[in-house]
Amino acid sequence: MFNSRIKIKALLETAPLGTEVTIMGWVRTFRNNQFIALNDGSTNQNIQVVASLGMLNEDTLKRITTGASLKIRGEVVESPGKGQQIELKANSIEILGDSDAEKYPLQPKKHSLEFLREIAHLRFRTNTFGAVFRVRHALAFAVHKFFNDKGFVYLHTPIVTSSDAEGAGEMFRVTTLPMEGAPKKEDGSIDFEQDFFGRSTNLTVSGQLEGELGAMGFGDIYTFGPTFRAENSNTTRHLAEFWMIEPEMAFHDLEDNMNLAEEFIKYIIDYAIENNREDLEFLDQRLADEEKQKPQAERSELGLLEKLQFVLNNQFERITYTEAIDILINSPAYKKKKFKYDVSWGIDMQSEHERYLVEKHFKKPVIVTNYPKDIKAFYMRQNDDGKTVAAMDILAPGIGEIVGGSQREERYDLLTKRMEEMHIPTKEMWWYLDTRRFGSVPHAGFGLGFERMVLFVTGMTNIRDVIPFARTPKNCEF
RNA sequence: UCCUCAGUAGCUCAGUUGGUUAGAGCAUCUGACUGUUAAUCAGAGGGUCCCCCGUUCAAGUCGGGGCUGAGGAGCCA
């Protein structure tokens, strides 16, 4: 058996003084031909290994370089030096994998996030990305724990779909037809009947419609999986492949939906704080250092942990779309013509408007409800006023829309009428409509972009830095 | 997709009005060092100035096109 090691996180926590242990990991720095800072990814903390002089031959000493992997047996002792409580007095050091320091791109110095993006395969070995991806893991785990504890069924909705009804964005086509000389129909269009699935297929843009089918049997379900958008979006908030969480609940109305979404967001933030405090403290410090570079006016008022705590301790503001428009029209910013885009009832709010509401007016997460039906999807439940639908978006400071959800239209007649108005092919959607024909119930759900949540919790500012291998236009390395 | 900015050593950047052999800090390498914390001290090596075309006696520097990256907008999660 090879692996009888103790992880550095456990070693530092238990500090078994006087015992001999085996650790394995990667060299962060090697100082004074004597002190090895070793990291194994279990924590941001390194363990200091002390190699007494004469113990190692010259050759082994030279091979202990930044990035090399080592297997070390040694005795756990109190550290006489400052900066750490305990250290490992090495009895034996074995080089598992050499790392040519002249070629290894990670140097014991600060690197830019842009550079680290180009070596995404190695960035897990840095403090920042170690912390970010451990927090990402904690959040993902918390998502499952939250819903599992509430009796939700984790439903695996398909990645390949033929449904393009939602119109959530441009889609990636899935096909086995040849690029050159694809079979054509008489009218010159491509004959997808000869394709693998016998029809035109795409990567999913949302699991919601299938999620609704599950909710109509299980009551409460959630999805958590990859989602694809072929939009040519080049921003710090968009990915072509991202992870989305989509709960769908039978016997829920819009208010139930909002309550669940708010409870959910607070739960996973709290989970990360409870279980990854060390990583968040590191990210908090990192953000504070970065803020120091900025001019006073652009600095945020709260530190990362303060911000998260603030979100936990305060109710999200809940306003209707109509109230939001009133606030914007009566705002000093509007009167001073600070907005690039005009405001009137019926507009789809621009990011500048959302940012004003969240960052300037309320200074906390805001849930906006009851949007005009013409700017929202066909499946949202129509309100009695005939103008609005039971939609809700949660807007978060710094990242904008983090949740989009609604109560769904459960009334068959109203739903089909709306679909016809919006040119949604009801015939192809027979399976979706069946849920409204047989035992239809009031139900609701929402979608949460997981990476945007990770951005919010880690304080990172570019979405490409919170997913291990980002898929963006013109970039599919790794 | 649009707008703005950027691309010079492994990394972060400077490079004046177009003018000799393109610089700095860090990293790396060599040497010194038994309590260092991104160690320190001394020395050394390291360049397709993103690519193509053009202007010019002369281009890292000016112009055009392209590629890539970043920020903002749109689309959205």
Side-chain angles (χ1 to χ4, degrees), chain A residues 27-37 39 45-56 62 65-67 77-84 87 89 99-119 126-127 166-170 204-208 226-246 339-341 348-352 354-355 375-377 393-396 399-405 446-456 461-467 470 472-475 477:
Chain A
V27 176
R28 284 292 176 82
T29 62
F30 184 31
R31 289 182 292 268
N32 212 5
N33 270 354
Q34 193 183 185
F35 302 102
I36 305 166
N39 188 282
Q45 304 294 320
N46 302 325
I47 180 88
Q48 170 156 289
V49 176
V50 184
S52 47
L53 262 198
M55 191 206 101
L56 297 171
K62 279 202 164 31
T65 54
T66 305
V77 297
E78 273 186 63
S79 177
K82 288 172 186 164
Q84 60 279 318
E87 62 189 25
K89 211 172 119 197
S99 174
D100 184 342
E102 266 186 279
K103 292 179 183 145
Y104 186 59
L106 285 175
Q107 302 159 357
K109 56 172 283 193
K110 192 172 162 63
H111 287 297
S112 67
L113 295 174
E114 289 85 352
F115 172 66
L116 292 170
R117 243 168 256 157
E118 293 170 14
I119 51 165
T126 64
N127 288 331
E166 199 193 345
E170 290 296 310
T204 184
V205 293
S206 162
Q208 182 203 310
T227 309
F228 307 86
R229 305 273 166 91
E231 300 284 353
N232 191 7
S233 297
N234 294 286
T235 80
T236 53
R237 306 178 306 282
H238 291 84
L239 290 165
E241 176 182 304
F242 64 100
W243 286 64
M244 191 150 64
I245 296 146
E246 294 178 292
F339 292 133
K340 196 175 156 200
Y341 294 88
D348 205 352
M349 278 189 276
Q350 305 292 320
S351 349
E352 60 176 353
E354 296 182 345
R355 220 177 301 126
I375 58 171
K376 288 292 182 183
D393 285 359
I394 302 185
L395 312 176
I399 44 182
E401 188 178 337
I402 192 165
V403 163
F446 61 87
L448 177 137
F450 186 55
E451 282 75 17
R452 291 191 179 173
M453 194 67 216
V454 181
L455 272 183
F456 186 74
T461 50
N462 190 318
I463 202 163
R464 286 162 269 211
D465 294 330
V466 299
I467 189 166
T472 51
K474 300 272 188 290
N475 186 353
E477 192 71 60

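Each chain gets a letter, A, B and so on, in the order the sequences are listed, and its residues count up from 1.
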In this structure, how many angstroms lie between the C1' atom of B:G74 and the CD atom of A:E354, rounded?
13 Å
Just how far, in rounded Å, is C1' of B:G69 from CG of A:N232?
15 Å
If I take atom NZ in residue A:K474 and atom C1' in nucleotide B:G69, what distance separates them, rounded to the nearest angstrom?
13 Å
Among B:G10, B:C29, B:G74, which is the nearest nucleotide to the side chain of A:E102?
B:C29
When you measure from the side chain of A:Q84 to the backbone N and O of A:K82, does any donor-acceptor pair fall under 3.5 Å?
yes
Tell me whether the side-chain N/O atoms of A:T236 come closer than 4.0 Å to OP1 or OP2 in B:G72.
yes
For B:U68, does OP1 or OP2 lie under 4.0 Å from any side-chain N or O of A:R117?
no
Closest heavy-atom pair, A:E401 versus A:L395, reported as atoms and distance to 0.1 Å, is CA-CD2, 3.9 Å
A:E114 atom CD is separated from B:G7 atom P, nearest whole Å, by 14 Å
Rounded interatomic separation in angstrom, taking CZ from A:R355 and P from B:G71:
14 Å
Nearest-angstrom distance, P atom, B:C62 to B:G18
8 Å
In whole Å, what is the span from the CD atom of A:E118 to the C1' atom of B:U12?
13 Å
Across every strand shown, the nucleotide meeting Watson-Crick or G-U wobble geometry with B:G46 (both distances under 3.5 Å) is none
Backbone N or O of A:S99 within a donor-acceptor pair of the A:T65 side chain at under 3.5 Å?
yes
For B:C2, the nucleotide meeting Watson-Crick or G-U wobble distances (both under 3.5 Å) is B:G72
Does A:S351 put a side-chain nitrogen or oxygen below 4.0 Å from OP1 or OP2 of B:G74?
yes
At 4.0 Å (heavy atoms only), tell me whether A:I399 reaches a base, stays on the sugar-phosphate, or touches nothing.
nothing
Keeping A:E451 on the side-chain end and A:I463 on the backbone end, is there a donor-acceptor pair under 3.5 Å?
no
B/S/- contact track for nucleotides 36-41 of chain B, protein heavy atom under 4.0 Å
BBBB--
Taking atom C1' of B:C75 as reference, at what distance in whole Å does atom CG of A:L239 sit?
14 Å
Can you pull out every side chain to side chain donor-acceptor pair (under 3.5 Å) where at least one residue sits in residues 101-117 of chain A? Sequence neighbours excluded, please.
A:Y104-A:R125, A:R117-A:D465
When every non-hydrogen atom of A:I402 is compared with those of A:A396, the smallest separation belongs to CG2-CB, 4.2 Å
Short side-chain N/O contact from A:Q107 to OP1 or OP2 of B:U28, under 4.0 Å:
no
Taking the C1' atom of each, how far is B:G19 from B:A59, in whole Å?
10 Å
For atom P, what is the distance between B:U8 and B:C50, given to the nearest Å?
6 Å
Using heavy atoms to find the nearest nucleotide of RNA chain B for A:T66 and A:P105 separately, return the residue whose nucleotide is more 5′.
A:P105
Within the structure provided, determine whether A:I119 and A:L106 are in side-chain contact (heavy-atom separation under 4.5 Å).
yes
Searching all strands shown, indicate the nucleotide that pairs with B:C41 (Watson-Crick or G-U wobble; both distances under 3.5 Å).
B:G31
Quick one: label A:N462 by what it contacts on the DNA or RNA (base, sugar-phosphate, nothing), any heavy atom closer than 4.0 Å.
sugar-phosphate
Counting any heavy atom closer than 4.0 Å, what does A:Y341 reach on the DNA or RNA strands: base, sugar-phosphate only, or nothing?
sugar-phosphate
Please tell me which of the listed nucleotides, B:G74, B:C29, B:U12, lies nearest to the side chain of A:S233?
B:G74
Of the options B:A70, B:A73, B:C76, whose atoms approach the side-chain atoms of A:H238 most closely?
B:C76
Between P on B:C76 and CG on A:N234, what's the gap in Å once rounded to a whole number?
16 Å
When rounded to the nearest Å, what value does the distance between C1' atoms of B:U56 and B:G10 take?
35 Å
So which nucleotide from B:C76, B:A70, B:C11 ends up closest to the side chain of A:D348?
B:C76
Under 4.0 Å: is that the gap between some side-chain N or O of A:R464 and OP1 or OP2 of B:A70?
yes
Under a 3.5 Å distance rule, please check whether A:R229 uses its side chain to pair with a backbone N or O of A:V205 as donor and acceptor.
yes
